[in-house]
Every structure is written in C-alpha cells, then in structure tokens.
Amino acid sequence: MPILILPAIATQFLARILLHLFDKLGCMRQFHLTPEASADANPVDAAEILEGLNAMQQEAASATDGPVLIIAGPGSGKTRTLTHRIAYLLGAGKARPFEILALTFTNKAAREMRDRIKKLVGEEAARGMWMGTFHSIFARMLRIEGKKIGYTPDFSIYDTDDTQRVLRDLMDRYHVDGKQFNVRAMRSIISSAKNQMVSPGEYEKMVASPVQEKAALLYRPYQQSLLKANAMDFDDLLLKPIELFEKDTQTLKKYQQRWRYVHIDEYQDTNHAQFLVARMLAAVHRNICVVGDDAQSIYAFRGADIGNILSFQRDYPNATTVRLEQNYRSTKAILRLADSIIKQNKDQIEKTLWTENVDGEAVVLKEAISEKDEAQKTERTIRDIHVRRGYPFKDFAVLYRTNAQSRSLEDALRRGGIPYRIVGGQSFYQRREIKDALAYLRLIVNPSDLASLRRVINYPARGIGHKTQEVLSTFAVKEGLTLWQTLERIGDVGLSNRARTAAEKFRALIAKYVSKAGTLSADELAREIIREAGIFDDLRKDNTPENLVRWENVNELTNAIAEFVANSSEQATLSAFLQEVTLMTDADEGEDSDNKVTLMTLHASKGLEFPAVFITGLEEGLFPLSQAASDRKELEEERRLFYVGATRAEKHLFLMYARSRYRYGDQQTAVRSRFLEEIDASVIRTERGDNFEQRKDRFVTSQRGKGAFEGLDPHYYRKKPSGKSNGKGAVSSGRRIVYDEGEGGPLSPGMRVEHDLFGEGKVLALEGQGDRAKVTVFFKEVGQKKLVLKFAKLQRIG
DNA sequence: AATAACTTTCTTTTT
DNA sequence: GAAAGTTATT
C-alpha cells in the first residue's frame, strides 16, 4: 500500500482518535501518517489504525450533522465506518454516550461495534450507549415503558416455536384444519401482515384466498392471546414501540430528545416498521446515519424492504450521500467474479467496485459425484491448503444454502480430523431440552405465559394429556381466564379426580417457585425447579448418549444463568435474561480464538470474511432454491446471496456442486446451478486447471423474458427410477407423478387427467417451472381449478 | 385416557 | 430425515 494521503477535513477527526488510541496504549505520540511508520510504532495496533484510516477516506468528510446515507460495497468496511463516526461524535464532543442510538441486525455486529468503540473511546463511554439489535434495544425500552401499553416488564418474548404453539391452540378453537391450513403457513401470513403493519381489520378486507381467509380469522385472536399472555413475538418488538409512541407522545418526545444521533447498520434489511420507528426517533434532531448495500439485501423473506435504502434521499431530502466503492478485502479475481454475479440483476444501484489488491488466484470450480464426495473434496482441499501453504483452520469457511447440508460436511471433517464449528443453525438456546427448562423459568417469571405453560404442563409426563388440556382450555376461554388462572380454579373446571390431582400438583409446583423467586438467586431457582420438575430424572431415565448430552446442556444452562447474574451490573433480572436469550439466535459461542473451520449458511456469513471460502451445493433447486427459480425478484435475491457468499473470500474461492444429492430422504440427481452458467468464466479454473466450459444456452438469462427456460430441464431434481423409498413401490410406480417425468413433462393442454379428490378433468393450461409449476384443469364435478403440479398427483387417463 | 410405536408429510434463509 | 399425524398398546 502506498503512502497515505489524508483529506484535509479528516485531520482533526483522525488526530483525535489516533491520539486517544496512542494514549490508551501508552505509546509515542509522534507518528508519520504512512503505513510503514505506524507499523514500526506498534505492529499490532498499527493494523487497527490502518483499518481505521482505510475506512475514513470519505466518511470523515461527511461526519457532519444531518441525515447521512452511506452506500457501500462488500469489503469496504461499512460497520467500521459507522463505528468511527460514533467515535468521532464522542471525540469531537458533539454527543455524549447516552445520546447515541446504534442499531444493528445481529448480535454479532453489535458486539463487534461495541468492541471497536471501546478501543476507540474507552469502556466507560461504550457502556452508556444504547447499542444493539433492533429487537434487543426495543425489548430493553419496553421493559421500561411497556406498562403504558399493557405489558409488565416481565413480558415473555415468543420465538417461532412459541407462536406456533399459540396458533395451534387457536386453530383448534376456530376449527381451522385441513391439509393446506398448516400452522407454519398461518404464522408466516400473519407475520408478514404485521411486518407490513396491516392490522387485523385491514387484513380481513384484503383476503383473496382460502388460506388468507383462515389467517384473517386467526390474526385478531392471535394478537389478543399474546397480550393476555403478556408476551410479544419478534414482530411485536418492532411494532409495540410504534404503538406506544403514537399513543403517548410524551414518551416519544423523551426518546427523541435523548437520542440526538441515530445510527443504523445494514439499512437494506430494515422492514417498514423499522423504517417508521427510526424516522420517529430521528424526527427532532434529524441526525440519522444509515449504512447499507442494496446488493446484499437477502432478507426480503422476513419483510426487509429494499425500498427503504433506495428512497432514503427522498425520505430525507437534505441527506449527504457517501459511496464507498473501494474493496479492501478480496483479490481482483474474486471481485470480478462477484461483479459478474450481481450484474445479472436488474434491480440495483449502480456501483463500480474496485480494489488495489492483487489479481490473486483463479476461482476454482469443483464437481462432485455426490454430496458425500463434495464434502470429502472440501475436506481434502482444506487439508491441502493447510498443510502446503500453512493456512490455519480458522482461515476457512464452508458455506451452504440450507442448514441440512451441514451434516455431510461435518461427517467428512470429523472423519478427516479437522476441527470445525457451526455458526447459526440450532444455537444452544434453541435446543429442545434448553427450551423446556427455560419454559419453566419463564412460567415462574410470567405465569400468564401461555406458550410456556403448554410446553411444560405435561413435560415430563405427569398425566395431563391432550384431553385434559383441552378441557382446561375450553374452560379458560369460556371464563375469559388465562390458563394459569384456570389452574388456580381447578375445582370449578369439572375434571376427573385423577386429572384434577395431576393439574393441582403441577400448579403447586410452579406456585412454590413463584413465591421463592424473591429469595433465591436466579441460578439456584433454575437448578431447583429443573430438578423438582423432574427434567434431570427424565433425561437420566434411559442412558442414551443423546440424553447424556441433553443432561449436560441443562446443567450448562444453570451455569450460564449464574454467569449472567454475576456479570451484569444493572438490574440483572431473570426476566431480562430470558428475554435476551430468546433473541440470541445466532450461535453465540463464536470464540474466534479457536482455530477451527467455520461452517454456516450463506445468510449467516454476511459481514464476515475469510481467506478461503467454499460455496457448496451450487445446484438447481438448491441454490437457487426451487421455490425461488420462477420468480424474478426471488431469483434476484438468491443471486444476491451468491454475491454475498463470494465476497466473503479474501484470497481463495471454491465453487462446488454435486451431480446427485440426498434430499427428502432420497438420492436425487442434480443439475448444476444456472448461476454457474452466467458468471464470468475467465477467472474460473476447474479442478484440473482447465478453463471452465459454460453452457450458456442452458438457461435464459434474467434479462430476457420473465426468467423462463428455453427447452431445458423443467425439473431440477428428478427421482432416480430405482426408488424403493416407500414400501409400496408397486403402487407409486404405477401412478404417474407428473413432475417426475421426462423432458417437457407429459402434460399438455387438452389431455384428460384424474385427480384423487376432484375426479376427472381436462387440462386447460400449464404455467411456471419445476416445483412451482401449476396446471389449470377443468373438472367435471367441481369446475375449474388451478393446482400445483408437484402436489396435484394427477394421473393421465385415456 | 395416556403414552408408545408406527406412518405420513414436507421440506429455506432468521431477528 | 425430522416433525406432525395416526394407530396400537398399556
């Protein structure tokens, strides 16, 4: 890197931070602003300084008051930039710590930011700052202010599991059943309605399908159940602050005054509610600074609205826009590949990424026979680079589209004796035994908590089965009580002696610890109730290795609680612990010091970087996922995901695909991903060092048409004919399952078909591709229907 | 009536 | 291959 030349405006900012840093480190104050000189001064911290300098080129100039939009590519140090801005505000005396609100999306990013701030301005300042994920910040605020909208500070936070428990109850009560009305569908419809801030009343009017009709029926009762349970789901954590602010403008004013500077990381991932609450909070001082990259928007599925970042300048007309286009991370080869990926997308802000880094080695494409082979090749390649080039294991990351793919990779790494860690997936706090134990604690803290009560009322088995629970539920609804209140009036319910005794015993158990909650410390409380409830006994009942691990996990939980109580200085209440733990979905044990290969989903990789990266499973139907293949917007999101994955790599990038893969419990043949056919092949070499021969004609690029294929594999996965998957092979092979069939599919308009339920009919039209393919059929009995081909199980007749 | 054993279904990403 | 749903057993 050449000598660094600083823009004049940046000097004051830089000098303050650097002097501060040198002060802290106790090293000399004389330094030349060249990389070489600072490297001499102190090799370790010089790296930090250099990082800082790199990131400060333009943002120093825009470290002014007023709204700021920072658009930046991957590897340009976005989060770092934001951190330095905050440091600047403090360093320049513009703001005091508690006047700054910094919002991130992952706990990981929040932690990273806090660590950097600590380094730059000291621990004291960092502590006073409101810095964290949207969800954790608002949980914290609602602990303080929630009573104004009907929640006690002990409210429970419901994750997907819990909300589905509540919904299942409601589906019973409102008689929503049938195959297509499953809990997951209902939950996701309600959740996206909430994300878009559509109220139950508004939603009822928008209903356009039977599934939506059922969801509309459940939406309002669902919200009422949560309120009654003194619980909020993840969506509520964003919506309730808005509700609160609208209802009580005094509270809004308080926080508007308090937070003079609002900072948001990964702005492209904000949803409508987050946009609104940010705008509310920044309305007085109008010092809002957001950082993001539209090309890395990969969370539309959970309501992220890329429009927020695209229209920032319209929302804040006098905003300063800063573009950071220099990439400090990857080689030219990798960046070129990444650029060729994202160029395929139509919806994007034009950015020209560039780097001063070396050209680097070619990106390597590897084909494998099976997923097992893919995993072994990955393992061998890691070992090879590790041994021959001396890369430590922590320099490697293996990325995949779905969590299920980690299994074969783990197998291969374990077999090869290579240490690894898995990020994300099921974190400690999401394991069943942990959630069971936590449910007891949540119930003690918040007895209204319906989901937790349902979770543990018969675990371990104590004779309160479905029937009994149903009776209790019905009584509760009839009397307008919570389930817990029903247990307190168990005599009035009219149960059999046996059931009543069991229920009463359970109530007494919980009540005992509710009253003990004041006297025992949190960890003692946890240990005792877990023991007395019989969880330990249940896990030791039979001596399977799984149960042993579970038993250890539960023990570990009590340690974690003890640690939490010991470490947190402020009100380290048990309920605060329980709330935080629910929000900690990223496997948090990310000890970076460990020298291990990292396995994770592409989503989880965002914001990270590794010298060597493997992107596995580049196959049609998997990446891009079949559901996304027929919709341009979804396909573009998959492509951005590929882009995110590729730009994690600093020096080496490997693209892997397998010709067959186990899916749905069956071996299925696979076609390599269309993404491979559309990228810049000039930077790619095959395993043997050959040029990569693309088959461009295989897929129509996204620019042409609406993502349709031209005369090619309409199915991405085809079952091998051998299938002895279900015992009744004869029956299923006699039946012609359409999506299983060869080129073009056997159906065409005019054909006569038969459906299990609807009977005989005539095909009118076909549309969509692969798993999304739909067929319109006119049935004699029931008239015209549009069916998803994959599930319709149509049989040709005549 | 509760629970264990078996069968069928449905497969994404996460705060 | 896991989870939900169904049937058989206690």
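All values derive from a computational prediction rather than experimental measurement. A, B, ... follow the sequence lines: proteins, then strands. Residue 1 opens every chain.
Of the candidates B:dT14, C:dA4, C:dG1, the closest approach to any side-chain atom of A:His603 belongs to B:dT14. Between B:dT14, C:dA4, B:dA2, one nucleotide has an atom nearer to the side chain of A:Lys467 than all others, and that is B:dA2. For A:Asn403, whose side chain is taken as the heavy atoms from C-beta onward, the closest listed nucleotide among B:dA1, B:dT14, C:dA2 is B:dT14. The side chain of A:Thr601 approaches B:dT14 more closely than any other nucleotide in the set B:dT14, B:dT12, C:dA2.
For A:Thr402, no side-chain nitrogen or oxygen approaches OP1 or OP2 of B:dT11 to under 4.0 Å. OP1 or OP2 of B:dT12 sits under 4.0 Å from a side-chain N or O of A:Arg184. Side-chain N/O atoms of A:Arg401 include none lying less than 4.0 angstrom from OP1 or OP2 on B:dT11.
Between the side chains of A:Glu504 and A:Thr501, no donor-acceptor pair is found at a separation under 3.5 Å. There is no side-chain donor-acceptor pair under 3.5 Å between A:Arg550 and A:Asn553. Of the N and O atoms on the side chains of A:Tyr222 and A:Asp233, at least one donor lies less than 3.5 Å from an acceptor on the other residue.
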So which protein nitrogen or oxygen atoms get under 3.5 Å of nucleotides 3-5 of chain B's nitrogens or oxygens?
from	atom 1	to	atom 2	distance (Å)
B:dT3	OP2	A:Asn458	ND2	3.0

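Note: OH (A:Tyr400) to P (B:dT11) measures 21 Å, nearest angstrom. Rounded to an integer number of Å, the gap from A:Glu470 CD to B:dA1 P is 10 Å. In this structure, A:Gln164 atom CD and B:dC10 atom C1' are separated by 13 Å, rounded to whole Å. In this structure, A:Gln668 places its CD atom 13 Å from C1' of C:dG1, rounding to the nearest Å. Taking atom OH of A:Tyr158 as the reference point, atom P of B:dT14 lies 23 Å away to the nearest angstrom. One interatomic measurement links the two molecules: OH of A:Tyr662 to P of B:dC10, which rounds to 22 Å at whole-angstrom precision. Here the P atom of nucleotide C:dA3 and the CZ atom of A:Arg455 are 11 Å apart, to the nearest Å. Rounded to whole Å, atom C1' of B:dT14 lies 9 Å from atom CD of A:Gln430.
In the displayed structure, A:Arg279 atom CZ is contacted under 6.0 Å by at most 12 heavy atoms of other residues, nucleotides or ligands.
Expressed to the nearest 0.5 Å, how far CD of A:Glu619 lies from CG of A:Leu676 amounts to 9.5 Å.
Ion pairing of A:Asp269 with A:Arg302 is absent here, as no side-chain N (NZ or NE/NH1/NH2) approaches a carboxylate O to less than 4.0 Å.
Nucleotides C:dG5 and B:dT12 place their C1' atoms 23 Å apart, quoted to the nearest Å. Rounded to the nearest Å, the gap between the P atom of B:dT13 and that of C:dA4 is 15 Å.
Base-pairing analysis of DNA chain B finds the following stems of at least three consecutive Watson-Crick or G-U pairs, with both pairing distances under 3.5 Å: B:1-10 with C:1-10.
Across all their heavy atoms, A:Asp293 and A:Ile309 have their closest contact at N-CD1, 4.1 Å.
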Stepwise side chain to side chain contact (heavy atoms under 4.5 Å, CB included) test for A:Tyr299 and A:Glu266: CA-CA 11 Å; A:Tyr299 284 109; A:Glu266 308 282 16; over 6 Å; no
A:Arg401 and A:Glu638: CA distance, side-chain angles, deciding distance, salt bridge (Lys or Arg N to Asp or Glu O under 4.0 Å) verdict: CA-CA 9 Å; A:Arg401 178 65 240 266; A:Glu638 295 282 306; 2.5 Å; yes
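Take the nearest nucleotide of DNA chain B for A:Arg498 and for A:Leu238: the residue whose nucleotide is more 5' is A:Arg498.
The aromatic ring of A:Phe301 stacks onto the base of B:dT13, its centre lying under 5.5 Å from the centre of the six-membered base ring with the two planes under 30° apart.
Side-chain N or O atoms of A:Asn458 include one that pairs as donor or acceptor with a backbone N or O of A:Ile464 at under 3.5 Å.
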